[in-house]
Amino acid sequence: MPEIPWTDDQLRTFLSKLREGSPFSQTDPEMRNIFLPHAHVRVVPAVMRAALGDVGAMVDPTGVAALAYDVLTEERWSQPANWLLVSTNPWDVLVELVAARIRAGHRQVAKISGRSTELEDVIALTEPTDPPDATPARESDG
């Protein structure tokens with residue numbers, strides 16, 4: 001992990017560097033290696049909380065960091081990336097973009113597999129089955 005995580009301005013500078021190539025150019029693997037440790041510190045914890053809260057699933061920290069890099073490289077010329085550059089909280093913008101990708105991916109997989117979220121599965125396992133009838137039986141007035 002980095003000794004000192006990147007500041008907001010350092011994230012903006014990194015995105016600007018990604019934009020120096022053409023929109024169709026491949027990114028430098030070294031840039032990925034530079035970014036990933038900072039994503040682990042600044043993006044992963046918030047995205048993990050969001051994924052658990054939004055879709056009820058745990059996500060892999062290394063995968064989240066890799067997705068954060070992919071989002072930056074794929075979105076580098078998009079309107080959301082423009083917002084990231086001018087936002088007072090660019091890391092929060094990146095967290096939202098990554099969390100949105102996870103939510104969308106989860107929805108698509110759930111449709112294909114016909115499965116609900118992992119959280120719904122856990123709830124279903126812990127809910128009691130039909131409770132016994134709580135109404136007392138009436139005695140006849142004999």
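All values reported here derive from a predicted model rather than from experimental measurement. In this chain, residues are counted from 1 in sequence order.
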**Asked** Under the side-chain contact (heavy atoms from CB on, under 4.5 Å) criterion, do His40 and Val64 qualify, and how do the steps go?
**Response** CA-CA 8 Å; His40 270 279; Val64 171; over 6 Å; no
**Request:** State plainly whether the residues Arg42 and Asp8 are in salt-bridge range, i.e. N to O under 4.0 Å.
**Result:** yes
**Backbone of Arg76 reached by a side-chain donor or acceptor of Arg19 within 3.5 Å** = yes
**Item:** Working for side-chain contact (heavy atoms from CB on, under 4.5 Å), residues Val41 and Trp91
**Value:** CA-CA 11 Å; Val41 173; Trp91 287 103; over 6 Å; no
**Asked** Taking all atoms of both residues into account, what is the closest heavy-atom pair of Met48 and Val59, and its distance?
**Response** CE-O, 3.4 Å
**Prompt:** With under 30° as parallel and over 60° as perpendicular, where do the rings of Phe14 and Trp6 fit, or are they tilted in between?
**Reply:** tilted
**Message:** For the CG atom of Asn89 and the CH2 atom of Trp83, what is their distance to the nearest 0.5 Å?
**Reply:** 9.5 Å
**Validation row: Glu20, Ser16 side chains within 4.5 angstrom (heavy atoms)** = no
**Asked** What is the minimum heavy-atom distance between Pro61 and Val44, and which atoms define it?
**Response** O-CG2, 3.5 Å
**Request:** Starting at CG of Leu97, measure out to CG of Leu84 and round the result to the nearest 0.5 Å.
**Result:** 7.0 Å
**Complete:** Heavy-atom closest pair (Pro5 atom, Gln10 atom, distance to 0.1 Å) is O-OE1, 4.2 Å
**Asked** Looking at CZ of Arg32 and CG of Leu18, how far apart are the two atoms once the value is rounded to the nearest 0.5 Å?
**Response** 12.5 Å
**Request:** Calculate, to the nearest 0.5 Å, the distance between atoms NZ and CG belonging to Lys17 and Leu72 respectively.
**Result:** 14.5 Å
**Asked** When rounded to the nearest 0.5 angstrom, what distance separates CZ in Arg101 from CG in Asp70?
**Response** 7.5 Å
**Message:** Test your reading of the model: is there a side-chain donor-acceptor pair from Glu96 to the backbone of Val93, 3.5 Å cut-off?
**Reply:** no
**Fill in**
OG1 (Thr13) and CG (Leu85) are apart, to the nearest 0.5 Å, by 9.5 Å
**Message:** Can you give me the closest heavy-atom contact between Val43 and Ala68, atom names plus distance?
**Reply:** CG1-CB, 4.1 Å
**Request:** Could you check if a side-chain atom of Val71 sits within less than 4.5 angstrom of a side-chain atom of Leu67, using non-hydrogen atoms only?
**Result:** yes
